[in-house]
Amino acid sequence: MRLYNTLTRGLAELPDPPGPIRMYFCGPTVYQRAHIGNARPFVLGMWLRDWLRFRGYTATLVHNITDVNDKIYDAAPGRSAELAAEATEWYLQDTGDLGLGMPDELPKATDAVPEIVDFIGKLVESGHAYPVEGDVYFRVAGDSGYGRLSGQRPDQVEEQEPNPLKEDPRDFALWKATKPGEDTSWDSPWGKGRPGWHIECSAMAEAAFGPSFEIHGGGLDLVFPHHENELAQSSALGHEFAHVWTHNGMLEFGGEKMSKSLGNDVSIRNVVDTWGREAVLLFFLGTHWRKPIPFSDEVLVQAQAQVDAFRNFFLDERPGDEEGQAILYDELIPILDDDFNTPEALAVFHAWRDREEWASLRWALGLFGLGSVAEIAEAPDEVVQLAERRREARSAKDFGEADRLRGEIDAAGWEVRDVAEDPGFRLVRK
RNA sequence: GGCGCCUUGGCCGAGUGGUUAGGCACAGGUCUGCAAAACCUGGUACACCGGUUCGACUCCGGUAGGCGCCUCCA
């Protein structure tokens, strides 16, 4: 199994199974409904974990939630903790509704404060960090390897807004002293405060996995400074940290990155409700994980059309009858083992559909949370009766009545199709 | 200013130094009371300019355009 590694800018070969593959993926900051772009690393992480398990690895996925942060304070003055808790629930619901199950652990930053404080303490002791007036900053100048993940040259990094407490403008906060208006805080050797953004991931990842693990994932926009800083913190303690770094491409909307701050985001909730979870998954499946995806109604329409095509296929193949069909693992494994090329896998699925390899297709779709397209919905009795009355009207050549009944069936949420075999019609949920 | 990525037929989107990607849409056809579904047929695309090569969409250089990061961001 090979995956593109941001750190080396090349493909990394994972150790052979069954060795553990421990994956830490960065999750959202919770202060509003998560947008569809946030779903990409979630979906990728789940798919990858499940694929690795299928391939014989012992794979675990830890997906963190950032529940203390300036955005949250700003969004809910005086009740930031309540908002964070509420938005965390939204996130769990919305990602849960994608039907992929859940990561093995979903740690929250606020639950990891002791580990974070301990981590910072070690950085201070070893001279990699310094406390100033209740804040603690990481000393970038002391890190000769700084920039190796993102390719940034420390001397070229644009200056941020001046902060007189910092020794160097590039230093970043590990611990922030409580400011007026902030309604949550924790005790620390440096006074009351709360964690900086980057340290939580180093602390939580190492709490879950120890000082080194196999894969760290997240959005491409996190490479710098977030992941660079995580790497710097852990490296400062002599830890390898992540062996392979995976960064998924951004969703774009109207030619720009979709993001909350640009205000062009569409919620996971909204997209799933509008297009259905299968279409959303197929939308992600159709583009390689490292590439940007232009988000548009047209693309979702195309995804939905493919979902319908697979669903229609299983309608005709009488699901459950898989005698004599071997599953064609060999056609899929090389594709997904090579940097997890899901678009090419999708092409294989279409080929299997053409060749009526329904056992393989059902198995493969199931791997990606799309097993439901192979399930046939049973129409309720009243709809079946409408269809029977329509069949009778048709045989009596009363097509006006037949069309009227078709309208009733449609209004009940079903589509009736005439077929040659018994009972002469087929009912499909719309 | 620095770091990095991208440009494929109407749309989405893989891939390869020389052989059909695939899907969606569209058109025609078969079937059908009509429709839907299904099936058949229909387009040799790879930003531009050079170079390397027997041969480049695929390698190298440049040009144009677009995107991401360098500030919270999946």
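What you see is a predicted model, and the numbers here were worked out from it, not measured in a lab. Order of the sequence lines sets the chain letters (A, B, ...), proteins ahead of strands, with each chain counted from 1.
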Q. Charged N to carboxylate O under 4.0 angstrom, A/Glu388 versus A/Arg390?
A. no
Q: Could you tell me whether A/Leu262 contacts a base, only the sugar-phosphate backbone, or nothing, with contacts defined as non-hydrogen atoms closer than 4.0 Å?
A: nothing
(Q) In this structure, how many angstroms lie between the C1' atom of B/rG4 and the CG atom of A/Asn5, rounded? (A) 15 Å
Q) A/Asn229 side chain to A/His198 main-chain N or O, any donor-acceptor pair under 3.5 Å? A) no
Q) What string of B, S and - do you get for nucleotides 35-41 of chain B 5' to 3' if you count protein non-hydrogen atoms under 4.0 Å? A) BBSS---
Q: Mark yes or no for whether A/Thr178, through its side chain, and A/Ser185, through its backbone, hold a donor-acceptor pair below 3.5 Å.
A: no
Q: Enumerate the residue pairs fulfilling salt bridge (charged side-chain N to carboxylate O under 4.0 Å, His left out) with a member in residues 269-286 of chain A, sequence neighbours excluded, ordered by first and then second residue.
A: A/Asp94-A/Arg269, A/Asp97-A/Arg269, A/Arg269-A/Asp273, A/Glu278-A/Arg311
Q.
Under 6.0 Å from the ring centre and within 45 degrees of the ring axis: does the NZ or CZ of A/Arg353 meet both conditions for the six-membered ring of A/Phe310?
A. yes
Q.
Salt bridge or not between A/Lys71 and A/Asp74? Use side-chain N to carboxylate O under 4.0 Å.
A. no
Q.
Among B/rG23, B/rC72, B/rC69, which nucleotide has an atom closest to any side-chain atom of A/His350?
A. B/rG23
Q | Qualifying residues under side chain to side chain donor-acceptor pair (under 3.5 Å), relative to A/Ser235, sequence neighbours excluded | A | A/Arg148
Q | Side-chain N or O of A/Ser259 closer than 4.0 Å to phosphate OP1/OP2 of B/rA74 | A | no
**Q.** Where at least one partner belongs to residues 290-304 of chain A, residue pairs that pass salt bridge (charged side-chain N to carboxylate O under 4.0 Å, His left out), sequence neighbours excluded
**A.** A/Arg290-A/Asp339
Q. Is it true that atom NZ of A/Lys397 has more than 12 heavy atoms of other residues, nucleotides or ligands lying nearer than 6.0 Å?
A. no
Q) Can you give one letter per nucleotide of nucleotides 7-18 of chain B, going 5' to 3': B for a protein heavy atom under 4.0 Å from the base, S for sugar-phosphate only, - for none? A) S---BSSSS---
Q) Which range-with-range stems can be found for RNA chain B when each stem has 3 or more Watson-Crick or G-U pairs in a row and both distances sit under 3.5 Å? A) B:1-7 with B:64-70, B:10-12 with B:22-24, B:26-30 with B:38-42, B:47-51 with B:59-63
